[in-house]
Amino acid sequence: MHPTALLDLATELLRAVLKLDAPADSIVSAFFKRHRSLGPRERHALAETAYTVLRRRPLLQHLAQSGTGALERRLAILAWSGDANLLKGALGSNEAQWRQQVKAIDPAGFSDKFRHNLPDWLASALRSQLGDEAFWPLVAALDEPAPLDLRVNVLKAKREDILSTLNQAGLRAAPTPFSPWGIRVPGKPALQKFDAFVRGDIEVQDEGSQLLALLVDAKRGEMVVDFCAGAGGKTLALGAAMRSTGRLYAFDVNGHRLDALKPRMARSGLSNVHPAQIAHERDERIKRLAGKIDRVLVDAPCSGLGTLRRNPDLKWRQSPQAVAELTAKQTAILDSAQRLVKPGGRLVYATCSLLRDENEAIAEAFGAAHPDFIPLPADEALAAAHVDRAGELVDNGYLRLWPSRHATDGFFAAVWQRK
Ligand SMILES: C[S@@+](CC[C@H](N)C(=O)[O-])C[C@H]1O[C@@H](n2cnc3c(N)ncnc32)[C@H](O)[C@@H]1O
């Protein structure tokens, strides 16, 4: 495609994404469906440019003020993440000169707001939670794209075998540092061409998500509930850990998400998974299973702010009001799900949020209201599930994963055992 046309498309994509009225990933994929002739490198340039603007929106909007022409075009020029020569070919001489001037500005002079590029409410919540020492490394980590992590389906394959297959194909794959099921691959290789992927021997899954499933430590022959199963990322990991035995219920209120689980289940070879749409967290089905379940995972709906590396638009689409509504929902779901757990059984509450309000605050309130649930230190639970260096993953007994410390998405989990 001619450079001018590609920059025009980047401008058009930014116009759509910056409306912030839908998740950026769905806007980007709908855009690519409308522009089928784009090649992989062009798609990469457009998507990364849009994501760079979402990551650094305050700074880039500030810098873009000095230019002329449509704001989205100026933003696309400053955030361009494709081939530099292509961009040169698209710029008029005034634009090229302006870009040089902006690039020459010393970032040391930027105010905090333009260094962290977070909305004020989120910056102050994280800063007071973490202190400056941990806040700024988090900011740096959130500015980077996430690595590609895979989970080996232990029902079908061994990690060493998959590693050697991937490395023979030149992928430079390495074991993940904590999860015994995980593999980390640099870049964004096309996995669809690998038989191991087609056969269901591997799934794409962040190491943090794998660690949540490991914390549940589901065993052969048990009754397990994944209460907020969604499209089943953690369900599939739990089902494989159970070696496709016992019974694993995958509940969710969203039927479309559960539908997306079904083809993944077929690929995985699991026959112990029972997806079921529930109307709400107090559905009759929960009452029927009360006190019968060995392990319950509540992977609660949350702000998703732990996934900002992948979904930088979320920081602009979330708000304190939305977080307050989510915390009420999280409390209600956990309170209903706990009824399922049998005496001696395990309950895990998890989110992919960074915020204390959605994490420790919910777990502490639950613990205070339910003295029959005894907190289980997450490092003990992880060590029992053969996770290396589990102590590095835990803060105050809770699993606390940070992109800046663990190279995973941000995750939280609390574990209890029922008396
Ligand atoms: C964090 S996502 C789950 C992700 C999923 N566990 C995975 O690993 O891919 C939260 C899920 O909770 C579901 N949810 C929302 N309200 C719910 C409720 N009241 N009861 C059960 N699930 C609910 C949402 O539809 C969403 O799929």
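Numbers here simply count residues along the sequence, with the first being 1. All heavy atoms count here, side chains included; hydrogens, waters and symmetry mates do not. For ligands, and for the atoms within them, numbers begin at 1 and follow the listed sequence.
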Aromatic centroids of Tyr349 and Phe366 separated by under 6.0 Å: no
Residue pair Phe251 / Val298, side-chain heavy-atom distance below 4.5 Å: no
Short N or O distance, Arg257 and ligand 1, threshold 3.5 Å exclusive: yes
Location of contacts on Ile333 toward ligand 1, heavy atoms closer than 4.0 Å: side chain
Ligand 1 contact on Ala229 by region, counting heavy-atom pairs under 4.0 Å: backbone
Result block: side-chain N/O donor-acceptor pairs under 3.5 angstrom for residues 136-147, not counting sequence neighbours:
residue, atom, partner, partner atom, Å
Asp143, OD1, Arg56, NE, 3.1
Asp143, OD2, Arg56, NE, 3.2
Asp143, OD2, Arg56, NH2, 2.9

Glu281 versus Ser336, side-chain donor and acceptor atoms under 3.5 Å: no
Arg400 NZ/CZ over Phe412 ring centroid, <6.0 Å and within 45° of normal: no
Ala300, portion touching ligand 1 at heavy-atom distance under 4.0 Å: backbone
Mind listing the side-chain donor-acceptor pairs of residues 390-397 below 3.5 Å, one per line with the distance, residues two or more places apart or on another chain?
residue, atom, partner, partner atom, Å
Glu392, OE1, Arg389, NE, 3.4
Glu392, OE1, Arg389, NH2, 3.2
Glu392, OE2, Arg389, NE, 2.9

4.0 Å heavy-atom contact, Pro301 with ligand 1: yes
Proximity flag Phe227 to ligand 1, non-hydrogen atoms under 4.0 Å: yes
Winner among Leu238, Val253, Thr235 once heavy atoms are compared against atom 20 (N) of ligand 1: Val253
Cys228-ligand 1 polar pair, N/O distance under 3.5 Å: yes
Atom 19 (N) of ligand 1: the protein heavy-atom neighbour that sits closest, reported with distance to 0.1 Å: Glu281 OE1, 2.7 Å
Atom 2 (S) of ligand 1 - nearest protein heavy atom and its distance: Asp299 O, 4.0 Å
Shortest protein contact, atom 25 (O) of ligand 1 (heavy atom only): Asp252 OD1, 2.6 Å
Which residue and heavy atom of the protein sit nearest atom 9 (O) of ligand 1, plus the separation: Gly233 N, 3.3 Å
